[in-house]
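Everything numeric in this text was worked out from a predicted model, so none of it was measured. The sequence lines fix the lettering, A, B, ..., with proteins before strands; numbering per chain opens at 1.
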Amino acid sequence: MDKIVKNRIKLEFQSRPENVALARIAIAALASQLDLTINDLEEIKVATSEAVSNSIIHGYQNNINSIVTVIGTLYEDSLVIEIIDEGIGIPDIQKALQPSYTTDPERMGLGFVFMQSFMDKVTVNSKVNEGTRVQLLKHLNRNQEKAVS
Amino acid sequence: MRLEINLKKGTLIVKLKGELDLVSAHEFREKIDNMLEEIESDSLMIDISKVTFIDSSGLGVILGRLRKLKAKNGQLLLYGENRTVRKILEISGVSSLLPVCRNEEEAWKIINKKLLKEA
């Protein structure tokens, strides 16, 4: 049976660094409609920020002329955030999920670590040269299991 | 993000106010690297008490400065009460890589100790 959607937003924006803040604020505003703690909202903001930053930095290689799509869906008991890009994709998702996987000395490679720490489930689908879709799930109910697929 | 930069006893003191993410990390990196080079300092203290948001981009730029300073036998300390930032620092393991002091006074104690050692 399909879950009832309480609310949904869809954002499409240029892959500019300044739009990372825009995305996390919009998602936080949506999430605040649920009975979440301030701590939960902060964590959702970080997770969203990480996923959008990944699309810009890695998916689009810092090209500002592409589009990132963020969809936030509110259910009775959960929030699902999807971050979608049509960038270069991830050749090895398992490798990318590992902490400190980065070649840049100014980056930490912890984007996915934060997403996994702060969300209840992280799902990554990607195809080389086609793009990446990251789905983040946060349960309202605390009886959840953390999983990555 | 706003940066307030001061120099005291050869140490660059940076007070951050606002969000440290992908866009502000770039500005932070440029300003701090230029200042450190200009004043020929290898000591940096960052007040994190008024940082309202930080993600791995913000952490990355802090770590990048740490690497650069360590290469010159310099030091970087963070200070200030900030529950949100401290949580991120702990989860990322950054709090085990550099001193995170409660306040500026504590940070100066560490810096002065190092200066005494080198004297």
Residue among A:Arg24, A:Glu43, A:Glu18, A:Glu42 with most heavy-atom pairs under 4.5 Å to chain B: A:Arg24

Taking every non-hydrogen pair under 4.5 Å, which of A:Val52, A:Val46, A:Asn19, A:Val20 racks up the most with chain B? A:Val46

Atom group of B:Asp21 that falls short of 4.5 Å from chain A, counting heavy atoms: side chain

Side chain, backbone, both or neither: which part of B:Ile88 has a non-hydrogen atom closer than 4.5 Å to chain A? both

Side-chain (A:Thr73) to main-chain (A:Arg8) donor-acceptor, under 3.5 angstrom: no

Donor on one side chain, acceptor on other, A:Glu86 and A:Ser66, under 3.5 Å: no

Nonpolar side-chain network containing A:Val80, other nodes, edges under 4.5 Å: A:Val5, A:Tyr75, A:Leu137

Using heavy-atom distances under 4.5 Å, tell me whether A:Ala21 contacts chain B through its side chain, its backbone, both, or neither. both

B:Trp108 six-ring centre to B:Lys113 NZ/CZ under 6.0 Å and within 45° of normal: no

The side chain to side chain donor-acceptor pair (under 3.5 Å) partner of A:Thr37 among A:Asp35, A:Asn39, A:Asp40 is A:Asp40

